[in-house]
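Structure, as structure tokens:
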Amino acid sequence: MRAGGEKVLVDVTQRFGDLVVLDRLRFSIAANEFVCVLGKSGCGKTTVANLLAGLLPCSEGAVTIDGVSADPRRHELAFVFQEPSLWPWRTVRDNIRIGLEIKRVPAPELERRVADMIELVGLRGFETYYPYQISGGMKQRVAIARAFAVDADLILMDEPFAALDEQTRHGMQAEVLRIWERKKTTVVFVTHNLEEAIYLAERIIVLTEKPTRIKASLDVELPRPRDYAHPGFIALRKRLGELMGSAW
Amino acid sequence: MKVEADVLEVARAASVPATAGRGRSLRVLLHNAVAALAVLAAWQVATWVVRSVFFPSPWQVARALVDLGLNGDVAGHTLLTHMWWSMARLAAGFLMGVLLGVPLGLLMGLYKPLYAGTRAALEPFRFIPPIAWIPLTIVLLSGFSRYVFLIWLGAFFPIFVATLVGVPRVEPIHKNVAKVHGAGRWYILRKVVIPSILPDILGGMRVGMGTAWMTIVAAEMSGGETTGLGRMMVNYAELIRIPEIVVGMILIGALGFAMNEVLLRIEQRLFRWRWEVTL
């Protein structure tokens with residue numbers, strides 16, 4: 001745990017009918033922390049993200065942000081989905097506006113922030129393109145710009161790069177870190193990919209299989225930018241592999 | 001470097017249809033002109049073969065067209081008057097179909113119980129063809145109101161149904177994007193649901209336009225007023241003047257085609273964001 005106070009507190013049990021998906025899952029996140037939630041597919045990672053984003057009501061317990069129950073209307077939340085989530089009828093620029101538009105940010109401020117984000121994710125010149133006209137990697141960059149455009153209390157990323165090819169994915173990981181370092185935002189990044197988690201996270205929360213609990217919480221203290229060949233990286237990867245069980 | 005590659009990719013995607021499109025559309029235009037001329041030629045040849053007073057040649061029909069256009073029909077109404085009234089009735093009935101069909105489709109699409117609880121009362125009306133309403137309307141309504149009512153019946157259901165079935169097909173993820181940022185229902189309706197189903201609504205409108213057009217001709221044939229293309233054709237049928245009847249038929253086809261083209265152009269303009277435009 002990093003100094004800076006606990007910004008987000010999670011203490012939830014989640015059931016779908018009789019199925020217990022999350023079993024008293026408790027953890028906290030510090031302000032501006034980059035946390036990766038790591039788990040096998042089907043372990044309820046997406047449920048965690050949806051709960052944090054307020055897309056799903058908790059069956060038991062609560063998610064609080066700055067001591068207040070998480071509420072999309074009160075807090076600035078943002079979500080980068082794995083599936084294509086850009087509105088196809090809107091241009092790149094108008095997609096990035098969505099969060100600001102909903103929070104009724106005044107026009108000059110809104111335009112400035114959209115322009116900043118376009119610059120920051122390197123999409124200048126593509127403002128008026130529609131999603132169908134740009135590549136998968138660029139679409140995800142727009143989704144990231146949309147999330148970081150609001151000064152979010154918390155940004156959720158649910159395997160945002162899973163559908164991208166290896167090379168594009170590495171580029172995007174570096175890009176997310178660069179933006180996060182610039183914007184100083186609290187990020188929860190859900191993934192099943194060990195290297196991705198080690199490359200990105202300040203702390204990794206490892207989940208068990210269903211009913212899901214926390215298996216381990218590991219601080220990652222490797223120097224950035226992280227090197228896949230660094231002995232510390234390899235050691236941590238091995239450790240995580242053991243925690244997650246077989247296959248890795 | 002990645003961005004540069006993307007730039008090239010995008011530039012290629014954007015420029016290819018633009019340059020190739022013009023040449024292709026010219027060629028398509030040419031093909032259509034040739035096909036239309038071929039139909040005319042076949043018709044002409046057929047009149048030489050059959051040679052009957054009941055089978056007018058294109059030339060006779062063209063003369064009837066000019067005569068009707070300039071001098072008017074037996075009652076003194078010119079073609080323009082007939083077309084104007086047909087179109088005015090159609091526009092009024094169609095507009096009512098849109099104004100009632102879209103909101104009602106949205107409402108029932110968003111609140112499932114409303115549709116589930118009323119469908120047995122509502123759906124049977126869909127299967128009564130507008131033409132089957134003509135006898136009733138002859139008794140109950142007259143003139144303009146009768147035509148508008150019948151056209152509304154024809155246009156309403158395709159538009160209503162297209163809207164209704166479009167609503168549940170809105171991508172949940174597109175709504176979730178708005179929800180995460182704290183959007184209310186009204187915002188989601190205006191900014192997500194409606195833009196998502198607009199292509200469905202426009203599709204329904206084109207189907208509705210076809211039904212409305214079918215209905216107007218039948219409605220006008222039922223009498224009531226002395227104007228309208230349908231009325232004009234019936235008048236000339238009573239006089240056994242076939243070229244004038246054919247003029248009416250051709251105009252109905254041409255106007256319907258023109259209106260469909262207008263709707264298609266609106267669709268293409270509005271939905272540039274879609275890969276494929278429905279045809």
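Excluded from the calculations below are hydrogen atoms, water molecules and symmetry mates; all remaining heavy atoms, backbone and side chain alike, are included. Below, chains carry the letters A, B, ... as their sequence lines are ordered, and counting in each starts from 1.
Salt-bridge check for Glu101(A) with Arg97(A): passed, with a basic side-chain N closer than 4.0 Å to an acidic carboxylate O. Salt bridge Asp158(A)/Lys45(A): absent, no basic N to carboxylate O contact under 4.0 Å. Salt bridge present: Glu261(B) and Arg265(B) bring a charged side-chain N and a carboxylate O closer than 4.0 Å. Lys7(A) has no carboxylate O lying under 4.0 Å from a charged side-chain N of Glu33(A), or vice versa, which leaves the two without a salt bridge.
Proximity to chain B is limited to the backbone of Pro84(A), based on heavy atoms less than 4.5 angstrom apart. Residue contact with chain B, scored on non-hydrogen atoms closer than 4.5 Å, involves the side chain of Leu55(A) exclusively. Using a 4.5 Å cut-off between heavy atoms, Arg90(A) touches chain B through its side chain atoms alone. For Leu156(A), no part lies near chain B; criterion is any non-hydrogen pair under 4.5 Å.
Judged by the 6.0 Å distance and 45° axis criteria, Lys183(A) is not positioned over the aromatic ring of Trp180(A).
In terms of non-hydrogen atom pairs under 4.5 Å with chain B, the most contact-rich of Trp89(A), Trp87(A), Phe79(A), Phe81(A) is Trp89(A). Counting heavy-atom pairs closer than 4.5 Å to chain B, the top residue among Gly171(A), Ala53(A), Ser85(A) is Ser85(A). Contacts with chain B were tallied for Leu100(A), Ile102(A), Asp71(A); Ile102(A) has the most, counting heavy-atom pairs under 4.5 Å.
Other residues, nucleotides and ligands place no more than 12 heavy atoms under 6.0 Å from the CZ atom of Phe125(B).
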